[in-house]
Participant: 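What follows is a single structure, and I will ask about it in a moment.
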Protein chains: 2
Amino acid sequence: MASQTEENYLKSLFNMANEAGEVNISELAQQMQVSMPTVNSMVKTLQKNGWLIYEKYKPVILTSEGKKEAALVIRKHRLTEMFLVNKMGFGWEEVHEIAEQIEHIHAPKFFERMDEMMGHPTVDPHGSPIPDKLGRIQEVNYSTLSQCKTGQLVVLAALTNSSTEFLEFLNSRELNLGKELKILSKESYDQSMVVSFKDHASETLSEKVCDRLLVRVVG
Amino acid sequence: MASQTEENYLKSLFNMANEAGEVNISELAQQMQVSMPTVNSMVKTLQKNGWLIYEKYKPVILTSEGKKEAALVIRKHRLTEMFLVNKMGFGWEEVHEIAEQIEHIHAPKFFERMDEMMGHPTVDPHGSPIPDKLGRIQEVNYSTLSQCKTGQLVVLAALTNSSTEFLEFLNSRELNLGKELKILSKESYDQSMVVSFKDHASETLSEKVCDRLLVRVVG
DNA sequence: CAATTTTGTTAGATAGTTCTAACTTTTTAC
DNA sequence: GTAAAAAGTTAGAACTATCTAACAAAATTG
């Protein structure tokens with residue numbers, strides 16, 4: 001069984017892996033907010049425990065067991081976030097830090113019960129997919145709002161970034177998942193976009209914001 | 001802030017303290033399932049951090065800060081147990097191990113929300129009092145069923161032991177908190193008691209069981 | 001391609017929590 | 001009131017997760 005620290009490394013590795021499934025030591029050190037020697041010794045431990053493959057001066061690669069373990073921690077995290085929002089009344093901007101702790105609880109029944117109570121949700125409050133009990137994650141590919149064209153009708157489905165500040169920004173504009181947006185125009189100078197809500201006035205969104213909004217095109 | 005290990009020591013110390021508030025090193029070692037040298041070094045740490053008073057070869061005594069810290073961990077434990085039973089449908093025999101982990105979560109809002117959702121409960125599913133936000137614990141003094149006399153009418157209010165096995169025994173007899181029992185007789189040979197339930201046949205309970213049932217006398 | 005920068009490794013140290021072995025103090029019991 | 005038992009302490013070690021300093025390899029860049 002992975003320690004809490006190991007679980008956090010696995011989670012980061014899972015989230016950072018590129019197409020080749022590789023992650024550099026320095027990237028991981030930055031992500032984990034520890035020094036490179038710390039990562040160096042930890043990847044040796046993780047390799048010893050079978051979670052990843054590591055060779056001197058090479059990027060690390062998760063094994064399939066490592067990926068599964070990581071996905072199961074992410075499952076606990078995302079189920080918890082969903083539970084906190086749907087069953088306990090928290091805002092989507094409040095749940096990350098709490099879930100960051102609860103994801104390390106070893107109590108299968110507890111997470112099973114959450115899952116049942118919510119009717120087996122497939123995404124968390126930020127639209128990220130919840131891996132299944134076997135650690136399989138169903139990838140959905142949304143477009144960023146930036147990639148959409150003027151005139152398109154889209155539904156806000158997920159976020160590429162879920163920082164508290166961004167979530168609070170979205171709250172202030174009443175931009176929540178499921179919101180239908182019509183793209184009125186795109187400013188070629190700064191890539192900002194003007195969108196209208198179903199029943200509201202129109203709103204201008206900066207490129208930075210548009211890059212972080214994942215949408216499903218519906219018309 | 002106390003570490004998870006420190007919190008566990010404080011909790012045990014709080015629960016084990018006698019009238020004088022004293023706990024021996026060997027008792028604590030047994031309770032915590034570690035060696036005496038481990039306890040010795042940990043009580044030095046706990047003293048350094050202001051949680052208790054310790055002198056060589058003397059029993060240890062919690063400071064008021066130590067008591068408060070312990071009570072707040074116990075509060076989180078008991079609120080969690082109550083939440084698991086009342087809001088998530090767990091049985092009272094299933095919740096201890098889960099609460100044992102969740103009690104170490106640092107997220108005041110999370111426990112506040114549980115407390116609110118349950119309408120500020122004062123006891124946990126086993127009848128133990130839930131300390132308030134300031135760590136104050138309201139002591140109630142029930143009698144054990146053993147101490148009661150033939151003919152008395154009592155209500156099951158709490159337990160002196162909440163082991164899974166005992167709770168499963170109580171489940172098998174449909175003995176839950178709030179149950180009204182009439183004491184029909186007491187066997188002087190082995191101190192076993194015959195009680196009748198409101199709407200059931202009578203049942204014989206051994207001394208061991210009667211010692212572990214805390215009741216409120218109602219008639 | 002050689003110099004510099006970036007990335008990664010090794011060595012050695014620290015802090016927390018635990019252990020065993022050996023020793024000391026306190027308590028118990030004849 | 002001494003001898004044995006129980007309780008407690010010290011010393012020294014291990015393991016996990018971290019650090020800094022120093023060095024080495026790989027990548028970048030003029």
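Every chain is numbered from 1, with letters handed out A, B, ... down the list of sequences.
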Participant: Base, sugar-phosphate, or nothing: which does A:K58 touch, judged by heavy atoms less than 4.0 Å apart?
Facilitator: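 Counting heavy atoms under 4.0 Å across all strands, no contact is made by A:K58.
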Participant: Taking the ring centre of each residue, are A:H96 and A:H77 less than 6.0 Å apart?
Facilitator: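 So the answer is yes for these two rings.
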Participant: Rounding to a whole Å, what distance do you find between A:Q30:CD and C:dT7:P?
Facilitator: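 Computing the A:Q30:CD to C:dT7:P distance gives 9 Å.
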Participant: Check for me whether A:R75 meets the cation-pi criterion with A:F111, that is, NZ or CZ under 6.0 Å from the six-membered ring centre and within 45 degrees of the ring axis.
Facilitator: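 Judged by the rule, A:R75 and A:F111 form no cation-pi pair.
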Participant: To the nearest angstrom, how far is A:Q4 atom CD from C:dG16 atom P?
Facilitator: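 Rounding to the nearest Å, CD of A:Q4 and P of C:dG16 are 17 Å apart.
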Participant: D:dT16, OP1 or OP2 - any side-chain N/O from A:K48 closer than 4.0 Å?
Facilitator: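 Checking A:K48 against D:dT16: no side-chain N or O falls below 4.0 Å of OP1 or OP2.
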Participant: Please give, in whole Å, the distance from D:dT18 C1' to A:N8 CG?
Facilitator: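 My rounded result for the distance is 14 Å.
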Participant: Could you work out which one of D:dT18, D:dG8, C:dT10 sits closest to the side chain of A:V34?
Facilitator: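 Among D:dT18, D:dG8, C:dT10, the one nearest the side chain of A:V34 is D:dT18.
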Participant: Find the distance A:M36:CE to C:dT5:C1' and express it as a whole number of Å.
Facilitator: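 Atom CE in A:M36 sits about 12 Å away from atom C1' in C:dT5.
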Participant: Indicate yes or no: at least one non-hydrogen side-chain atom of A:K76 is less than 4.5 angstrom from one of A:H104.
Facilitator: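 The answer is no; the side chains never approach within 4.5 Å.
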Participant: Could you check whether A:T38 gets within reach of a base, just the sugar-phosphate, or nothing at all, counting any heavy atom under 4.0 Å?
Facilitator: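 Counting heavy atoms under 4.0 Å across all strands, the contact made by A:T38 includes a base.
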Participant: B:K56 side chain: which of D:dT10, D:dG8, C:dT20 is closest?
Facilitator: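 So the side chain of B:K56 is nearest to D:dT10.
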Participant: When all nucleic acid strands are considered with a 4.0 Å heavy-atom cut-off, which category describes A:S3: base, sugar-phosphate, or nothing?
Facilitator: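 A:S3: backbone/sugar contact only, no base atoms under 4.0 Å.
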Participant: At under 4.0 Å between heavy atoms, what does B:T5 touch on the DNA or RNA strands: base, sugar-phosphate, or nothing?
Facilitator: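 Sugar-phosphate, no base atom in range.
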Participant: Expressed as a whole number of angstroms, how long is the span from A:N24:CG to D:dT28:P?
Facilitator: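 Result: 11 Å.
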Participant: Hey, does the side chain of B:Y9 come within less than 4.0 Å of C:dG16's phosphate (OP1/OP2), counting only N and O?
Facilitator: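 So the side chain of B:Y9 is outside the cut-off, no N or O lying under 4.0 Å from OP1 or OP2 of C:dG16.
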Participant: What nucleic acid atoms does A:S35 come within less than 4.0 Å of, heavy atoms only: base, sugar-phosphate, or nothing?
Facilitator: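 It contacts base atoms.
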Participant: So do the side chains of A:T63 and A:I53 get within less than 4.5 Å of each other, counting heavy atoms only?
Facilitator: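 Counting from C-beta outward, A:T63 and A:I53 do come under 4.5 Å.
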Participant: Could you state the CD1-P distance from A:I25 to D:dA25, rounded to the nearest angstrom?
Facilitator: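 Going from CD1 in A:I25 over to P in D:dA25 covers 17 Å.
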Participant: Consider the side chain of B:M42, meaning its heavy atoms from C-beta on, and name the nucleotide among C:dT18, C:dT10, C:dG8 that approaches it most closely.
Facilitator: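 The answer is C:dT18.
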Participant: To the nearest Å, how far apart are B:E55 CD and D:dT9 P?
Facilitator: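 Checked: the CD to P distance equals 11 Å.
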Participant: Nearest whole Å is fine: how far is C:dG8 P from A:Y54 OH?
Facilitator: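 Rounded to the whole Å, the gap is 9 Å.
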Participant: From the list D:dT10, C:dT25, D:dT18, which nucleotide is the closest neighbour of the side chain of B:Y57?
Facilitator: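 Of D:dT10, C:dT25, D:dT18, C:dT25 is nearest to the side chain of B:Y57.
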Participant: Which of these nucleotides, D:dT9, D:dT18, C:dT10, is closest to any side-chain atom of B:N40?
Facilitator: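 Taking heavy atoms from C-beta onward, the closest nucleotide is D:dT9.
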Participant: Hey, does A:N176 have a side-chain heavy atom less than 4.5 Å from the side chain of A:N171?
Facilitator: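 With C-beta onward as the side chain, the pair stays apart.
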